[in-house]
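The sequence lines fix the lettering, A, B, ..., with proteins before strands; numbering per chain opens at 1. Because the structure is a prediction, the values reported are computed rather than measured.
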2 protein chains.
Amino acid sequence: MQAAPPTLQSIAAEFGVSSATVSNALSGKGRVSEGLAARIRARAEALGYAPSLPARALRTGRSGVIGLVLPDLANPLFPKIAQAVEAAAAREGYGVLIADSHGEVGAQTAALQRLVQRGADGIIVVPRRGTRVLELDVPLAVIDTPATPGNTVSADHRAGGAALAAHLLGLGHRAFALVGESRESSVQRDRIGGLRAGLPQTARIETIWLEEAPETDFPALARDGITAFAATSDLHALRILTTLQRAGLAIPREASVAGFDDLAFAAAVTPSLTTMAQDSDRIAGAAVAALMARIDGPEPAAPPAGTTGGSAGGTAAETAVPMTLIARESTGPAPASTRSEPRPHPATRSQRETTP
Amino acid sequence: MQAAPPTLQSIAAEFGVSSATVSNALSGKGRVSEGLAARIRARAEALGYAPSLPARALRTGRSGVIGLVLPDLANPLFPKIAQAVEAAAAREGYGVLIADSHGEVGAQTAALQRLVQRGADGIIVVPRRGTRVLELDVPLAVIDTPATPGNTVSADHRAGGAALAAHLLGLGHRAFALVGESRESSVQRDRIGGLRAGLPQTARIETIWLEEAPETDFPALARDGITAFAATSDLHALRILTTLQRAGLAIPREASVAGFDDLAFAAAVTPSLTTMAQDSDRIAGAAVAALMARIDGPEPAAPPAGTTGGSAGGTAAETAVPMTLIARESTGPAPASTRSEPRPHPATRSQRETTP
DNA sequence: CTGTTAGCGCATTCAT
DNA sequence: ATGAATGCGCTAACAG
């Protein structure tokens, strides 16, 4: 039989005052005589009084909880986001309720509604591939890509792709395989798009969507002259890396491999994986900040006149957070001469002559 | 300006009755005339009425939320647990509030208290290495190892280790490196312990704790005659696998490598990683079930007389969930002859003769 | 200035 | 058998 936890009422009774007085004393809001206030605070402290958040929620209409909806909790990228969101939310005194949309739009909608019903003050959603989340009666922050309408904040996947391209280019590579999983994912499209944009017209570029070509023979590509492999996820980069390695290619001497997201294993493999990392902390921080602003602000539903839709919102938060290259061992200078030199690619040739 | 959501009161007003009547009609508890009840239900349905969970929480003292405390959200094992817990909880109509203890005991305690304050009806905690969680005024389920006092449910890490040992043994291996990160982790100790227990006295066994020997030279071990490497985590197994591979050893022809947990990348690498998987769904399900039982049950605080502490609890839930071997490509038959045959190990010799 | 009354939305008593 | 008070713990709007 555990003792009932102290409440404002129980403390008030001890002092022969009303619970409201105790509330005021503790919050410093309504004025209470300093002497009484001090004694009340001392007593509350001694009792280990902690306000009942559910009761406060009922009264104020604010639960102090935000929801986090993810497309797939099993996704290895999730930990970083979850951790960053949890930390940012905790810093603001908020709790985090998670929900898994299992990659389905229906489940995503259902999850959102469940969170709303639970009283979430705001929701952060990482939408399923290319899904647009419906408007809701609750502040929403969307983490997807800058290109997505309604996106609140996200990594600048496109610029990240371009930066990775530059890295590879600087290493002397001129023949690339760009590997993604699904075209449906706007994140992946942006990354591949950025990669392409960062590569010169003259470069040889093979784009591979694993969903469509799951049996791609990477060693064969390497033998065919591709020297740099860039995948939209470290998971695929790892697959490529180990596959090439097993086929007898030395990484990075004979081929370079790079991925995205700096997943947990990226630093653990040999050779360690070069990758473009997103600043999850900053993204989560911005998402939470945007939520806070929309929760506190009276939310002028109508965007300020004269703005053409788009990123018009209450608070103009930063939208695209730069990614940072983590250059490790899996990328290195392009092989001096393409060993077997098969089907010499014209573009590659001319490029090479201008780049000693 | 969004319309105020319907409440019991607002619906009651439409019918000129009291909110309690509507509550009864919808819940079917207190009796209401069937005709009225039906009309009320219809109206509620039409309005899309959803009870305010915060209000219900205040009234009933039950929030419909459970907490999930993890030692490190960034741990790659986390997604599986989180997903399984979320699914199991959702099935029971519960929400899941997450908290990261950052591997610190202080933070772990703080996280627990925050969750309690938020009104969590129960908490599932995966304790920090070897930490014992303090008793609390809220039902707790601990996922650690069967050996830990207070453990509610967990994978049978020891048996898992033994099973992995048997697998390797069956493949003809007689010289093993057992690789863990930290002795402080009871999970890791159990896995290593199970591994050792499953190996014959005659086998050669090197146990390596990476925390103490971070610079361990695995290829050197292989050259020294070790043919099987078993790590307590896929992350370390991956490190070993790629390191050996890079040093020119063919896996599994010249050495076998296995890990634990079937992390996301285990199937993606080449060769794919043999691993002992825990049944996260079952573990999470059991943890949630145990919580539900303790929440619903009046919780007889005193254990039934005549029981010597230990696993005595309200509901005797299943404690140790078997792990399952996922044999993939990274393990194979031991090399027929230890190539360099350095310092011929007597034990290994004699063993080998009895096992053609 | 100090402190109290009122009521958030619900479910559970209790009186008809 | 039906339905109307009551109060969970808190704070925002009031009265002393």
Which atom of G285(A) lies closest to which atom of A88(A), heavy atoms considered: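 Shortest heavy-atom separation between G285(A) and A88(A) comes out as CA-CB, 4.1 Å.
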Is there a side-chain contact between [X] and [Y] in this structure, where contact means two heavy atoms from C-beta onward sitting under 4.5 Å apart?
X	Y	result
R294(B)	T152(B)	yes
I295(B)	Y94(B)	yes
P79(A)	L73(B)	no
V126(A)	P71(A)	yes
L112(B)	L136(B)	yes

I'd like a table of atom pairs between the protein and nucleotides 14-16 of chain C - only N or O on both sides, under 3.5 Å - with the distance next to each one.
none

Residue pairs involving residues 15-42 of chain A (criterion salt bridge (charged side-chain N to carboxylate O under 4.0 Å, His left out); sequence neighbours excluded):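 Every pair satisfying salt bridge (charged side-chain N to carboxylate O under 4.0 Å, His left out) with a residue in residues 15-42 of chain A: E34(A)-R41(A).
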Sugar-phosphate or base contact per nucleotide [nucleotides 7-16 of chain D; S, B, -; heavy atom under 4.0 Å]: BBBBBB----
Identify each donor-acceptor pair in which a side-chain atom of residues 57-70 of chain B lies under 3.5 Å from a protein atom, sequence neighbours left out, and give them as a table.
from	atom 1	to	atom 2	distance (Å)
T60(B)	OG1	R56(B)	O	2.8
T60(B)	OG1	R62(B)	N	3.1
T60(B)	OG1	R62(B)	O	3.4
R62(B)	NH2	D296(B)	OD1	3.4
S63(B)	OG	V65(B)	N	3.2
S63(B)	OG	G119(B)	O	2.5
S63(B)	OG	D121(B)	OD1	3.3

[X] [atom1] to [N] [atom2]: how many Å, rounded?
X	N	atom1	atom2	value
L26(B)	dA11(C)	CG	P	9 Å
L36(A)	dC1(C)	CG	C1'	14 Å
F15(A)	dT4(C)	CZ	C1'	17 Å

End-to-end axis angle, where each axis spans five pairs of the helix from dC1(C)-dG16(D) to dT16(C)-dA1(D), to 10°: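 Here the local axes at opposite ends form an angle of 60°.
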Test item: S27(B) side-chain N/O and S23(B) main-chain N/O as donor-acceptor pair under 3.5 Å: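 Flag set: sc S27(B) to bb S23(B) pair under 3.5 Å.
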Pairs touching residues 4-16 of chain B that satisfy side-chain hydrogen bond (donor to acceptor under 3.5 Å, both in side chains), sequence neighbours left out: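 Non-adjacent pairs meeting side-chain hydrogen bond (donor to acceptor under 3.5 Å, both in side chains): E14(B)-R43(B).
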